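It should be emphasised that the depicted structure is a prediction, and the values quoted were computed from it without experimental measurement.
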Amino acid sequence: MSTEFVNGRELLVVEMKNQNKFEKFTWTIKNFSKLKSRQLYSENFFLSGHQWRIVIYPEGNNVLDFLSIFLGAGDIANLPYGWSKFAKFKLALMNQVNGKMTKTRETEYLFNAEEISCGFASFIRLGELWDSSGGFIMNDTCIIEAEISVSKSEHDNQVDHAVSKIDVSTDSAQVSVEPIENTNNLLPKEMSSASFGEFMDFRGLGKIEKAFFPLLDEVCSKHPSLIDSQQKKSGRFIEWAFTALGRVLHFLKTKKVKDMDGDDCSHLQILWEELETFRFDLTWLEPHVQSALCMKSYMERAVQVKKVKQNVAAIEMGIKRLKAKMAVVELDIEIARRDLVDAEEGLDQRDLDAELGYGGP
């Protein structure tokens with residue numbers, strides 16, 4: 001572990017065994033409530049020979065009632081043609097009262113000359129952000145941290161995020177790669193804690209992330225056509241293909257039904273569309289993917305049903321309480337009737353309107 005000074009700012013650098021560097025950059029934003037710009041940029045900081053910066057949208061980027069936070073890879077006008085860099089990173093909104101309450105999101109992305117930013121549109125609700133007792137804004141100061149690890153492996157440019165359209169109609173050695181649509185707002189809220197970035201040879205097909213091995217091994221054993229369909233393709237193409245397959249499998253394996261909100265459904269849709277370009281026979285997998293993509297509407301309906309059930313339960317409980325009160329009242333009435341009978345017993349009935357008299361004629 002060491003520190004470096006870049007542009008007058010102290011940066012923490014942790015050297016890893018795989019020669020990746022994790023750099024933590026802290027951005028302290030003072031007079032936060034007085035900054036009226038739609039988007040704000042941190043100063044540039046450098047890692048692996050490239051500049052980065054944090055970008056925030058105080059009132060949300062294409063979302064309502066959220067603070068949006070992104071990591072930017074510099075000025076697109078100054079990036080060389082074909083530039084790309086794969087990075088794993090964390091973005092954190094610091095809680096200045098209780099560090100355990102700090103909001104942290106992490107993901108990984110292949111930044112390129114056309115897709116220079118990545119992050120989380122729905123990072124934190126504005127109500128929670130501005131809560132005076134929440135600890136995220138103190139003395140009108142907001143603190144955001146970015147921690148980045150840039151891959152040094154030969155697979156920097158082989159991550160499936162770079163692939164959208166692959167021409168498999170020509171010779172297998174000729175692979176046409178085009179950038180995907182901007183997915184900045186479609187990334188998952190949180191990634192699994194599985195260790196990404198460690199590559200190993202998978203069945204002699206090429207270098208694949210180790211985290212995907214058990215999943216790929218299972219499906220390839222059940223569906224040998226997955227390997228057969230890629231036999232005549234180039235090595236890089238095969239690595240891309242099985243990485244794309246591994247990502248979809250990992251998503252389905254690690255996500256729960258309750259996790260599938262709009263962002264996660266959109267992210268899965270992107271992963272699935274990328275995987276389809278590799279021409280695997282995916283008839284066995286498609287029903288599971290389509291089912292997962294429907295989970296957003298299912299969860300919305302499930303929440304609605306839960307609310308209705310709670311409402312019915314509350315009404316039923318109210319009825320039970322009213323019935324209990326009614327039983328008490330009916331008992332009181334019965335007792336009062338008995339008291340009335342006892343009171344009337346032996347009482348001569350007289351005309352209350354008659355004169356009392358005094359014995360005269």
Side-chain angles (χ1 to χ4, degrees), residues 1-14 16 21-47 52-72 87-109 117-149 184-185 187-195 254-256 258-259 261-264 303:
M1 181 182 299
S2 62
T3 56
E4 297 178 0
F5 288 86
V6 179
N7 291 343
R9 178 173 293 277
E10 184 178 16
L11 301 177
L12 177 65
V13 177
V14 182
M16 307 298 289
K21 285 185 178 181
F22 279 87
E23 181 178 279
K24 182 181 293 184
F25 172 81
T26 301
W27 182 21
T28 301
I29 312 172
K30 298 182 178 180
N31 301 316
F32 190 66
S33 64
K34 299 180 176 62
L35 302 174
K36 302 302 181 182
S37 177
R38 177 178 175 271
Q39 61 188 112
L40 302 172
Y41 298 89
S42 73
E43 64 182 275
N44 293 334
F45 56 98
F46 286 81
L47 172 64
W52 305 85
R53 63 183 177 182
I54 304 172
V55 185
I56 68 169
Y57 295 77
E59 296 184 356
N61 180 32
N62 298 323
V63 294
L64 295 176
D65 300 324
F66 280 93
L67 171 71
S68 303
I69 307 180
F70 297 89
L71 178 66
K88 295 190 294 181
F89 65 91
K90 299 179 183 179
L91 295 173
L93 175 64
M94 308 304 295
N95 190 296
Q96 301 170 55
V97 174
N98 184 354
K100 294 182 179 180
M101 300 300 292
T102 292
K103 296 281 187 180
T104 302
R105 301 284 179 84
E106 62 179 293
T107 188
E108 54 187 21
Y109 195 69
S117 65
C118 171
F120 307 91
S122 304
F123 196 94
I124 186 175
R125 289 191 177 276
L126 295 182
E128 184 179 359
L129 173 68
W130 288 101
D131 184 351
S132 58
S133 62
F136 295 107
I137 297 179
M138 301 295 295
N139 299 320
D140 205 18
T141 298
C142 178
I143 301 175
I144 298 173
E145 286 188 352
E147 186 173 351
I148 308 172
S149 171
N184 291 342
N185 300 329
L187 294 174
K189 291 181 178 178
E190 295 180 3
M191 296 295 290
S192 167
S193 59
S195 176
T254 58
K255 289 291 181 181
K256 300 183 182 299
K258 64 182 180 180
D259 298 329
D261 58 10
D263 286 350
D264 285 313
V303 170

Is any side-chain heavy atom of Gln96 closer than 4.5 Å to one of Ile137? no

Within a strict 4.5 Å, meaning less than it, do heavy atoms of the Tyr41 and Gln39 side chains meet? yes

From Thr26 atom OG1 to Glu145 atom CD, the distance as rounded to the nearest 0.5 Å: 3.5 Å

Taking Ser33's backbone N and O only, do any of them form a donor-acceptor pair with Lys36's side chain (distance below 3.5 Å, no angle check)? yes

Angle between ring planes, Phe70 versus Tyr57, binned at 30° and 60°: parallel, tilted or perpendicular? perpendicular

With a 3.5 Å distance limit and no angle check, can you tell me whether Glu108 reaches the backbone of Ala87 through a side-chain donor-acceptor pair? no

So, the side chain of Thr102 versus the backbone of Asn95: is there a donor-acceptor pair under 3.5 Å, distance only? yes

Could you tell me whether the side chain of Ser117 and the main chain of Gly72 form a donor-acceptor pair under 3.5 Å? no

Distance (rounded to the nearest 0.5 Å) between Ile54 CD1 and Leu71 CG: 7.0 Å

Could you tell me whether the side chain of Asn139 and the main chain of Thr141 form a donor-acceptor pair under 3.5 Å? no

Can you name the nearest heavy-atom pair linking Asp264 to Lys255, along with the distance? OD1-NZ, 3.3 Å

Would you say Cys142 and Leu93 make side-chain contact, with heavy atoms under 4.5 Å? yes

Do Phe32 and Phe136 touch side chain to side chain, with heavy atoms closer than 4.5 Å? no

